[in-house]
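Data block below; observations after.
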2 protein chains.
Amino acid sequence: MHAPARETLAHPSRDEIELAAVLHALSDPVRLLMVRGLAGAIEARSCGSFDVPVTKSTCTHHFKVLREAGVIRQRQDGTKRVNLLREDDLEARFPGLLATILQAAGELPQPTART
Amino acid sequence: MHAPARETLAHPSRDEIELAAVLHALSDPVRLLMVRGLAGAIEARSCGSFDVPVTKSTCTHHFKVLREAGVIRQRQDGTKRVNLLREDDLEARFPGLLATILQAAGELPQPTART
DNA sequence: TCAAACGTACGATGATCGTCGTACAACGAA
DNA sequence: TTCGTTGTACGACGATCATCGTACGTTTGA
């Protein structure tokens with residue numbers, strides 16, 4: 001077991017994304033926070049750039065849940081692993097779902113704008 | 001503890017409905033089935049009228065989860081307990097959410113139509 | 001009055017979940 | 001090369017979950 005796990009980043013294909021899995025993934029407050037952060041970002045964000053009240057291990061766990069549910073895509077980039085929402089795939093599979101949930105989660109997150 | 005539980009039907013008020021709880025409630029395939037059945041029905045439906053692959057006790061449990069999440073409202077009617085979706089409350093709290101999820105759950109359920 | 005139907009309550013069980021700490025691997029910079 | 005950064009892997013822990021069987025209460029109907 002010396003192979004770097006970086007090769008093992010399994011993502012479900014678009015058609016394999018299941019509604020129940022997506023809803024379950026988004027039913028955790030921490031993960032909802034992560035997804036909101038991802039939705040507000042233009043660029044893919046590394047795991048460590050999130051302000052969530054859990055340790056690194058737990059963070060890894062949550063990103064794995066989101067990835068395996070098909071909500072996010074993870075890609076290795078040097079020592080960082082960057083995450084981005086699979087907005088297109090989700091929209092194709094479940095139209096309007098992500099946007100509606102994000103809106104229900106308390107409007108869009110305002111990264112640094114406060115007029 | 002001889003009081004019939006029929007008095008103890010606690011429902012969250014509209015403003016107490018939480019997104020995470022709703023998503024969690026809907027992240028179970030059996031409950032999703034129940035909600036779809038409820039959405040297709042015009043009248044409130046009794047617990048026993050659902051075609052779900054679980055026993056009665058489990059059914060009771062699932063309806064309780066749905067009720068406590070604020071997804072359905074339960075009312076006693078003779079020996080039956082009837083259920084109906086809290087569409088208005090959900091729409092007011094999380095606009096579009098229920099409809100979007102129901103649509104994602106595989107279009108509208110066709111109770112007895114098969115042209 | 002008696003029995004059947006409907007659904008609950010309670011307890012149990014095995015599975016999954018969210019959380020953490022520690023140890024380790026990979027990469028980048030000095 | 002060496003060190004710090006980033007994030008994972010692997011247990012482990014307690015909590016919650018989905019499921020069931022059995023026993024019981026309530027209402028309806030014969």
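Here the structure is a predicted model, which is why all the values come from computation and not from measurement. Each chain gets a letter, A, B and so on, in the order its sequence line appears, and its residues count up from 1.
Between A:Ile72 atom CD1 and D:dG7 atom C1' the separation is 13 Å, expressed in whole Å. Taking atom CZ of A:Arg45 as the reference point, atom C1' of D:dT6 lies 16 Å away to the nearest angstrom. Between B:Phe63 atom CZ and C:dC6 atom P the separation is 14 Å, expressed in whole Å. B:Gln74 has its CD atom 11 Å from the C1' atom of C:dT8, to the nearest Å. Straight-line distance from the CG atom of B:Leu66 to the P atom of C:dG7: 15 Å, rounded to whole Å. Atom-to-atom, CD of B:Gln76 to C1' of C:dA9 comes out at 14 Å; the value is rounded to the nearest Å. The interatomic distance linking A:Glu68 (CD) with C:dT16 (P) rounds to 13 Å, in whole Å. Following rounding to the nearest Å, B:Asn83 (CG) and C:dT8 (P) show an atom-to-atom distance of 8 Å.
Taking 4.0 Å as the cut-off between side-chain N and carboxylate O, A:Arg14 and A:Asp88 do not count as a salt-bridged pair.
When distances run from any side-chain atom of B:Thr79 to the nucleotides C:dT8, C:dC6, D:dG7, the shortest one goes to C:dC6.
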### Task
Assign a letter to each nucleotide of nucleotides 18-24 of chain D from its 5' end: B, base within under 4.0 Å of a protein heavy atom; S, sugar-phosphate only; -, no contact.
SBBBB--
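Note on B:Ser46: a side-chain N or O is less than 4.0 Å away from OP1 or OP2 of C:dG7. Put simply, B:Arg81 has a side-chain N or O that comes within less than 4.0 Å of OP1 or OP2 on C:dT8.
Here the shortest heavy-atom pairing between B:Cys59 and B:Met34 reads SG-CE, 3.5 Å.
Counting only distance, with no hydrogens or angles, the side chain of B:Thr100 and the backbone of B:Gly96 share a donor-acceptor pair below 3.5 Å. Looking at B:His11, its side chain does come within 3.5 Å of a backbone N or O of B:Gln74 through a donor-acceptor pair.
No side-chain donor from either of B:Thr60 and B:Ser57 sits under 3.5 Å from a side-chain acceptor of the other.
By the criterion of side-chain heavy atoms lying less than 4.5 angstrom apart, applied directly or through intervening Ile, Leu, Val, Met, Phe, Trp or Tyr residues, B:Leu26 is grouped together with B:Val52 in one hydrophobic cluster.
The only member of B:Val65, B:Val54, B:Thr58 that meets side chain to side chain contact (heavy atoms under 4.5 Å, CB included) when paired with B:Val30 is B:Val54.
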